[in-house]
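Worth saying up front: this structure is predicted, and the values here are computed from it rather than measured.
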Amino acid sequence: MAGGKQKNKISERDTALDILLDMERNGTLSSKALEDGLRKIQFEDKECRAFVSRLVEGTTEYRLQLDAVLDRYARVPVKKQKPKVRCILRMSVYQLLYMDRVPDRAVLSEAGRMMRAHHFEGLAGVVNGILRSVQRGIEAGEVQALIEGSRELRYSTPAWLVERLTKEYGEERADRILAASFQDRPLTIRCNQKKQTPEELRQFLMEKGVEAGPGDLSPMALTIPSVDFVRKLPGYREGRFSVQDESSMRLVEALGIQEGAVVISRDISEEKTERILENAERLGLEMKVEVQDATEEREEDFDGYDIVLADVPCSGLGVMGRKNDIKYHASPESVTELAALGQEILGSAARYVRPGGKLMFSTCTILAEENQEAAEHFLMGHPEYRKVEERQFLQGIDPCDGFYYCLMRRD
């Protein structure tokens, strides 16, 4: 029995390493890399999948912090280390710092095994020495002092973003937003009313042994804690529900779409349109799904729709807690570029709304440059539109992801 358990633990760490290397070498976003990695071990027990998820997500969201610790104790800076060595060190330091149930000796032993397994025998002793130094630094309080020395390290978030959020929301609210990225949040699902009522769905899930509670913002919402593989939830394949944050549900409710509406969904990505179509078929929803670049205007659609939703590309900083590496991909320059793209798409979308119709502008970010400022810029140039409702949700303050929408009506 002991041998089997040890073999399972080895498999978990190797799987986590493969996922981290996919992100490191291929630039794969953490959510996609983790989903692909978990699919490969979907028939392992729940504890195995949970261990992999926590190790990957934790190593990713604390990456800036882990690198600062390693740079303190390693002779070779993290950026100059080989990808495999870097990933093994990061995941090992994360376990030493944040996974109390994992014995330190097991962390060091597994790091050495993985180094040898990946043909770094000559560096196994070096890695062991670095980790022992980190271990002593934790015991002496040196590591904690380093982390607490700056908000950038405390929240493992780039300095420019900490400063931007502080400028826009104040230090206290900015700290709550940043801290929310590290807090466990339940999965939020939307009841498919074609199949049952929310209460009937809750009862169904409870009977299947899945804990489900009501949402905070929408009557259609249910929350489920501790989910590591959504597709294995009872009722998923039958289309009883879809995964959606409550902030997005509030947007849909604000639009007031009537029963029997004809829906057309467009996206520039074939992968995303395929996913939209797959979900529509699973849920039993009728809609047209088309691949289309939103910046290329279609004259045949001008003044043709009662409601147009422009859910534009953005920095995604409202979902830092769910996409742990998104804060590392964003920059002041990319935010400005995305804000300009969002305004361009919004301008094109506005031409499709018939007089008296509604235009909805939305993002999953929390920066004014991409949200309120973009909406105001649009309204200044389009006097035929007036603002009806505007809402900025903030993670850590509202019971949902960070999200923004602005509903406008064409006169």
Per-pair distances, 0.1 Å, donor-acceptor, side chain in residues 126-142, under 3.5 Å, sequence neighbours excluded:
| from | atom 1 | to | atom 2 | distance (Å) |
| --- | --- | --- | --- | --- |
| Asn128 | OD1 | Arg132 | NE | 3.0 |
| Ser133 | OG | Gly129 | O | 3.1 |
| Ser133 | OG | Arg136 | NH2 | 3.4 |
| Gln135 | NE2 | Asp104 | OD2 | 3.1 |
| Glu142 | OE1 | Tyr73 | OH | 2.8 |

Considering only distance and modelled atom types, tabulate donor-acceptor pairs under 3.5 Å from the side chains of residues 402-410, sequence neighbours left out.
| from | atom 1 | to | atom 2 | distance (Å) |
| --- | --- | --- | --- | --- |
| Tyr404 | OH | Glu390 | OE2 | 2.5 |
| Tyr405 | OH | Glu389 | OE2 | 2.6 |
| Arg409 | NH1 | Gly356 | O | 2.9 |
| Arg410 | NH1 | Asp303 | OD1 | 2.6 |
| Arg410 | NH1 | Val353 | O | 2.4 |

Using distance only, find each side-chain donor-acceptor pair of residues 183-191 under 3.5 Å and give its atom names and separation, not counting sequence neighbours.
| from | atom 1 | to | atom 2 | distance (Å) |
| --- | --- | --- | --- | --- |
| Arg185 | NH1 | Asp401 | OD1 | 2.6 |
| Arg190 | NH1 | Gln244 | OE1 | 3.4 |

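Remark: Arg39 CZ is packed, more than 12 non-hydrogen atoms of other residues, nucleotides or ligands lying under 6.0 Å away.
For Asp100, there are no side chain to side chain contact (heavy atoms under 4.5 Å, CB included) partners, not counting sequence neighbours. Partners of Ser248 under the side chain to side chain donor-acceptor pair (under 3.5 Å) rule, at least two apart in sequence or in another chain, do not exist in this structure. The side chain to side chain donor-acceptor pair (under 3.5 Å) search around Glu171 returns none, not counting sequence neighbours. Partners of Tyr169 by ring pair (Phe, Tyr, Trp, His ring centres under 6.0 Å), not counting sequence neighbours: none found. With sequence neighbours left out, Ile41 forms a side chain to side chain contact (heavy atoms under 4.5 Å, CB included) with Thr15, Leu38, Glu44, Cys48, Arg49, Val52. His382 pairs by the ring pair (Phe, Tyr, Trp, His ring centres under 6.0 Å) definition with Phe378, not counting sequence neighbours. When the salt bridge (Lys or Arg N to Asp or Glu O under 4.0 Å) test is applied to Arg275, the partners found at least two apart in sequence or on another chain are Glu271. Take Ser218 and apply the side chain to side chain donor-acceptor pair (under 3.5 Å) test, not counting sequence neighbours, and it matches Glu253. Partners of Ser156 according to the side chain to side chain donor-acceptor pair (under 3.5 Å) rule, which considers only residues two or more places apart in sequence or in another chain, are Tyr328.
Geometrically, Arg250 does not engage Phe393 in a cation-pi contact, judged by NZ or CZ lying under 6.0 Å from the ring centre and within 45° of the ring axis.
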